[in-house]
Amino acid sequence: MGSRLTITTPSDYDLTRDVCSYGYFVLAPNLWDTKKNTLTRQLNLETGPATVVLSQSLRGKLSAVFDRKLERTEQTQARAQISRMLRLNEDASHSKAFHKADPRWKKSGRARLFRSPTLFEDVIKTVTSCNVAWPSTVNMNKQMCKHLGKGGCFPTEARVSRTRVGTLRGRCRVGYRDQRILDLAKLFHKGEIDEAWLESPSTDDTDVFDFLKTLPGIGPYAAGNIMMLLGRYSRLAIDTETIRHGKAALGMTGTDRQITKKLEAHYEPFGEFKFKSYWFELWTFYETKQGPSETWDREETATAFTAANF
DNA sequence: GGTAGACCTGGACGC
DNA sequence: GCGTCCAGGTCTACC
């Protein structure tokens with residue numbers, strides 16, 4: 001019989017709404033059950049992988065059911081990873097501050113963006129989303145979990161750092177990103193990424209952004225996206241989808257450079273919550289096209305989300 | 001500081 | 001079923 005943990009959440013936490021809030025919730029090893037409203041995934045723990053099923057039946061509480069018994073230290077690890085993934089550190093007052101800055105989301109309560117249990121997974125997922133259509137991103141993550149992850153887990157930095165580039169390219173289908181992913185894994189494995197510094201409130205956003213851009217495979221878009229994943233929402237991550245959103249939803253015209261400037265100005269009033277305001281606008285647009293995000297099946301969204309759909 | 005071209009994959013399209 | 005074209009962000013070389 002596996003372990004069962006009760007996770008205390010912020011009072012306004014809603015598992016369905018807050019998991020189905022960012023594209024990574026449909027990337028392996030995450031599996032959202034559209035019928036049961038549960039999130040299943042594998043976690044890398046001290047003595048090996050463990051599969052957890054997260055569900056919510058009470059406000060302020062989550063249930064985490066594991067496929068095996070966890071030692072006390074593993075329970076602590078699992079709690080920390082789940083907390084990071086679900087952004088349980090962002091309490092109700094954080095949501096309230098965001099809704100004050102942008103009241104459009106007060107009614108739905110949207111405020112949190114789903115992320116990964118580790119920064120390493122977030123960074124690699126971001127690299128797999130660069131210069132590629134969504135179905136390829138889905139496939140890259142699926143193949144990395146299949147070929148490199150123990151027990152279906154997302155591979156650790158240790159595992160990726162000793163993987164050959166040919167395996168990353170040939171089996172995991174990451175293309176020219178192979179060397180960049182390998183170099184990133186080595187940096188994480190050697191402890192050259194100071195997560196405490198990146199996440200510290202006393203570290204300036206600009207310093208974090210400038211550092212991220214020095215990493216292999218990380219340019220302005222990826223750095224902006226990782227900023228969001230670190231809980232820093234003061235800047236946008238502008239890609240072709242952002243430009244398209246500027247044109248289609250906000251009626252902006254001009255060259256891409258002109259639209260970029262207009263977008264920066266458009267979201268400026270949202271200050272430290274700029275990314276969230278932008279993202280929930282975009283997410284709402286996707287939902288008008290694809291239906292509520294909690295109904296998006298992992299396999300179906302792999303093919304449904306192409307530029308042609310928008 | 002700005003920009004052209006290469007990088008790789010998979011979907012779309014034409015035949 | 002096959003071949004070709006194209007989209008996507010980062011990096012390097014060059015002006």
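To find a chain, count down the sequence lines: A is the first, B the second, and so on, and within it residues start at 1. Only a predicted model underlies this, so the values are computations on that prediction, with no experimental measurement involved.
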- Task: Whole angstrom is fine here: how far is it from CZ in A:Arg244 over to C1' in C:dA7?
- Result: 14 Å

- Task: Determine which pairs satisfy ring-ring contact (aromatic ring centres under 6.0 Å, His included) with at least one residue from residues 248-267 of chain A, sequence neighbours left out, and list them in order.
- Result: A:Tyr267-A:Tyr278

- Give one of base, sugar-phosphate or nothing for A:Leu215, where a contact means two heavy atoms less than 4.0 Å apart. sugar-phosphate

- Taking the six-membered ring for Trp, are the ring centroids of A:Trp283 and A:Trp296 within less than 6.0 Å of each other? yes

- Message: Just the rounded figure in Å: distance from P of C:dT12 to OH of A:Tyr176.
- Response: 13 Å

- Message: Taking the ring of A:Tyr286 and the ring of A:His245, is the distance between their centroids below 6.0 Å?
- Response: no

- Message: Would you say A:Tyr24 and A:Thr126 are linked by a side-chain donor-acceptor pair, where the criterion is simply a distance under 3.5 Å?
- Response: yes

- Task: Report the distance from atom CD of A:Gln143 to atom P of B:dC8, rounded to the nearest whole Å.
- Result: 18 Å

- Query: Within the structure, does a side-chain N or O atom of A:Arg173 lie under 4.0 Å from either OP1 or OP2 of B:dG10?
  - Reply: yes

- How would you label the contact of A:Asp178 with the nucleic acid (heavy atoms, under 4.0 Å): base, sugar-phosphate, or nothing? nothing

- Query: In terms of side-chain heavy atoms of A:Ser136, which of B:dG10, B:dC7, C:dG8 is nearest?
  - Reply: B:dG10

- Query: Does a nitrogen or oxygen in the side chain of A:Thr240 sit under 4.0 Å from OP1 or OP2 of C:dG8?
  - Reply: yes

- Item | Donor-acceptor pair under 3.5 Å, A:Tyr221 side chain vs C:dG8 base | no

- Query: Which nucleotide in the set B:dG2, C:dG8, B:dG10 lies at the smallest distance from any side-chain heavy atom of A:Asn131?
  - Reply: C:dG8

- Query: How about A:Tyr233 and A:Phe273: are their ring centres within less than 6.0 Å of each other?
  - Reply: no

- Give the rounded distance in Å between these two atoms: NZ of A:Lys213 and P of C:dT10. 10 Å

- Could you check how far CG of A:Asp183 sits from C1' of C:dT10, rounded to whole Å? 14 Å

- Would you mind reading off the distance between A:Lys125 atom NZ and C:dG9 atom P, rounded to a whole angstrom? 19 Å

- Kindly point out which of B:dC8, C:dT10, B:dT3 is positioned nearest to the side chain of A:Arg169? B:dC8

- Item | Nucleotide C:dC11, atom C1' - distance to CZ of A:Arg177 in whole Å | 13 Å

- Whole angstrom is fine here: how far is it from CE in A:Met140 over to P in C:dG9? 12 Å

- Query: Is there a side-chain polar atom (N or O) of A:Arg257 under 4.0 Å from OP1 or OP2 of B:dT3?
  - Reply: yes

